[in-house]
Structures are given as structure tokens and as C-alpha cells.
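Report on the following structure.
In this chain, numbering begins with 1 at the start of the sequence shown. All ligand and atom numbering here is 1-based and tracks the order in the structure.
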Amino acid sequence: MKAIVQDRYGSADVLQLREIDRPRPRADEVIVRVHAAGVDFGVWHLMEGMPYAVRLAMGLRRPSNPVRGIELAGVVEEVGTNVTAFKPGDEVFGIGDGSFAEYARASESKLLHKPSNLGFAEAAVVPVSATTALAGLRAAKLEAGQTVLITGAGGGVGSYAVQLARTMGAEVTGVCSTSKLDFVRSLGAAHVIDYTREDPTAGDRTYDAIIDLAGSREVASLRRVLAPTGTLVILGGEGGGKWLGMGRQVWSQIVGIASRQKFRMPIGLVNQKDLATLKAMLEAGTLTPVVARRYPLADVPIAIRALAEGHSRGKSVITMS
Ligand SMILES: NC(=O)c1ccc[n+]([C@@H]2O[C@H](COP(=O)([O-])OP(=O)(O)OC[C@H]3O[C@@H](n4cnc5c(N)ncnc54)[C@H](OP(=O)(O)O)[C@@H]3O)[C@@H](O)[C@H]2O)c1
């Protein structure tokens, strides 16, 4: 099968389109014929092996699985001996190990039947980013009527966070660049701040919660616009240190010891329960995935370079022809 593989950590230049053996399922795994695969920052971290903590889990000198790609949507090709929830021919979405390939292995527990109203490309951009948005809003314990500031509101995670916060009944202020203002409004933001013209951490307005996805603003700056008992949820920000990559998150925990403000740093772990929650919203039309750009498998390096620039509008996807 064709797959995007890497033999060493590094920039998108290390990625190669190669012919490799099709994976075989372990007992609790499914082989999915991939129709579409989402492009998210997790892929970038695994490709670069950065921060270094990634290498402890993925392989010290090179990634133990050379095939990149996490999110997927496709059709079940083969099932392991213990798999009961899926059978060949089922349309699924979720995460797997190496989805930038014609076939990928996925744990049964990380998949769900695809929402009936979505195409494969739309379904493939849901799992990691929407689960992360959900985790962030839960960590903020956001309630109806509260105010929330969301940075990176027009990106892969932000486009879900705005919609989900709105559905929870919160009053959303989205932070994005000029070209995305109308888009972020259309997602459900009551207010938008163009960060290229206005500092979202300046001014008198405060928020019950901040979901911080982009811009790597200092914790002290974000606290300035956080209500006295509000919650700052730091989800994003590359460049947080070579070793752990979580400089701001760690600092926020220290600051939080002596503060009534709360600081959270959740991780969006894909699981069937959250996928089911999201699927119900997708099928009800209260949540809509935004596909940014579509790339063929051979163009994964181009897609990842574009992602790394950090100005995505929704989320890009690799589609198999
Ligand atoms: N904790 C977790 O489990 C988890 C899971 C997934 C992702 N993440 C992290 O979450 C972050 C966002 O991921 P993503 O997939 O949403 O990235 P993305 O698709 O690149 O979105 C980032 C968005 O932020 C905007 N932006 C850039 N600079 C900004 C600034 N200074 N202020 C406000 N907005 C700015 C970008 O467009 P414009 O500049 O045009 O507005 C873009 O729309 C990443 O750091 C990623 O690593 C964390």
C-alpha cells in the first residue's frame, strides 16, 4: 500500500511517499481502508519528535511506527479476533496509528460508526480537534450565560470550541485575524477581536473563562482579562520549551497556588464516549466541521508545512483517490 513514512525525526522534508506492507490487526484492532485523514498539530509533533518528551513515548532515535497520521475516516477492511463492535464494510471515524496511508490500524475503542450525514473528509477532521475543544470547555466548567474568550477561534480546534461554547449557552468572544472575523461570527461568536489590530488582553472587559489556543500570550496578560474566580484553560501554543513544550502551562500551575483564578491544561484524548457526544451533535446539525483544504496523499508534506504556519481556517484533510 502507499503510505507517508519517515525514517528520522525532522521537518516535513523527512516525509516520503512509499510502498509498504499493509498492516495486520492485533486482537482488539481494526484495519481501516482510509478515505480521509485529518491534519493536526499532533502529527507535526510526532514528525518533529518535539518536544523531546514525545520521543520517550514514540522512539528515542526514530518513530517506532514510521507512518504518520492520526485522525481518520474510512471503511473497515478487516477486524481482529476480539473485535465485536465493527465488521468489514462499516463506515467509521476516529483515530488510528498511521492514517496517512491507504490502510491504517486502529484500536476498536478509538472508533465509532461515521455520522450518517457527513462525508469522509468532514468526519476525518472531527476526532482530535473536536475532542480537544470539548475537553477545554469541560475543564473551564463553562455554564450557560457565562462569557468566554477563545483565542485561535478560526482554527482546527477553535472552530469547534466556538460552536460548542455557543451551544452550551455561553457568550463567546473569538480572537482571530482580519480575514476570519466573519467566519468566526458565523460559527456563533457574539463578539470578535482582530488580534492584528487590537490586543485581546487589554481593555476593561473580563471573561469567566478563557480557552487559549493560539498566540502563546503570557499567563499574566491573559489573567488581566480573566474574572477574579475565572478559569484559564491553556490548550495550545507551540514553542513552549524543547523538553516538555509546556512552559506556560507549568507556570500557570505555579501562579494558581496563590490565586482564586483557576488554571487548567487538559489533553484531548479521543474516546468513544466523547465521539458519541460529538456524533449526536453533528447529526443534529448543532456542530459542523470546517474543512480548510483538501490534499492528496502525496502532498502531506505541503499540508503539514501549511499547518505549521499557524493560520488555518478550520482544518485541512488528506483525501485518498
Ligand atoms: N492539549 C491538547 O490536547 C491539544 C490537542 C490538539 C491541539 N492542541 C494545540 O492547540 C493549538 C491550536 O491547534 P489548532 O489545530 O486549532 O491549530 P490551527 O488550526 O493552526 O489554528 C490556530 C488558529 O489560531 C489563529 N492565530 C494565529 N496566531 C494567533 C494569535 N496571535 N492570536 C489569536 N489567534 C491566532 C490562526 O489563524 P489567524 O492567525 O488567521 O487568526 C489559526 O486559525 C495548537 O497549539 C495545538 O498544538 C492541543
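Each of the following atoms of ligand 1 lies closer than 4.0 Å to a heavy atom of Val175: 33 (C), 34 (N). Close approach to Leu235 involves these atoms of ligand 1, each under 4.0 Å from a residue heavy atom: 1 (N), 8 (N), 9 (C), 10 (O), 48 (C). Listed by atom number, the atoms of ligand 1 under 4.0 Å from Lys180 heavy atoms are 37 (O), 38 (P), 40 (O), 41 (O), 43 (O). Near Cys176, with a cut-off below 4.0 Å to any heavy atom, the atoms of ligand 1 are 41 (O). Short contacts between ligand 1 and Gly268, defined as distances under 4.0 Å to a heavy atom of the residue, involve ligand atoms 2 (C), 3 (O).
Comparing Ser177, Ala214, Pro266, Ser159 against atom 26 (N) of ligand 1, the shortest heavy-atom distance belongs to Ala214. Atom 13 (O) of ligand 1 has its nearest heavy-atom neighbour, among Phe183, Tyr160, Phe41, in Phe41. For atom 34 (N) of ligand 1, the choice among Gly310, Gly152, Gly154, Gly215 with the nearest heavy atom turns out to be Gly152.
For the pair Lys315 and ligand 1, no heavy-atom separation below 4.0 Å is found. Under the 4.0 angstrom criterion for non-hydrogen atoms, Arg217 is in contact with ligand 1. Contact analysis leaves Asp40 out of contact with ligand 1, as no non-hydrogen atom separation drops below 4.0 angstrom.
Remark: the Ser129 side chain and the Asp40 side chain contain no N/O donor-acceptor pair separated by less than 3.5 Å. Side chain to side chain, Asn82 and Asp28 fail the donor-acceptor criterion of an N or O pair below 3.5 Å.
Aromatic ring orientation, Phe41 versus His45: tilted (interplanar angle from 30° to 60°).
Aromatic ring centroids of His113 and Phe93 lie 6.0 Å or more apart.
Taking only nitrogen or oxygen atoms, main chain and side chain alike, Leu307 does not reach within less than 3.5 Å of ligand 1. No N or O atom of Ser179 sits closer than 3.5 Å to an N or O atom of ligand 1. Note: an N/O pair closer than 3.5 Å links Ser312 and ligand 1 by distance alone. For ligand 1, the polar-atom distance check finds an N/O of Gly155 within less than 3.5 Å of one of the ligand's N/O atoms.
The side-chain tip of Arg62 does not point at the ring of Tyr9 from less than 6.0 angstrom away and within 45° of straight on. Judged by the 6.0 Å and 45° rule, Arg68 forms no cation-pi pair with Phe100.
Proximity of Thr132 to ligand 1, defined as any heavy-atom pair under 4.0 Å, is confined to the side chain (atoms from C-beta onward).
Atoms OG and OH, on Ser177 and Tyr195 in that order, are 5.0 Å from each other to the nearest 0.5 Å. Note that CD1 of Ile150 and CZ of Arg166 are 12.0 Å apart. Values are rounded to the nearest 0.5 Å.
Between the Asp274 side chain and the Asn271 main chain, no donor and acceptor come within less than 3.5 Å of each other.
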Original post:
Given the rule in the side chain to side chain donor-acceptor pair (under 3.5 Å) test, do Asp194 and Thr178 qualify, once you have shown the distances and angles that lead to the verdict?
Top reply: CA-CA 6 Å; Asp194 178 351; Thr178 317; 2.6 Å; yes
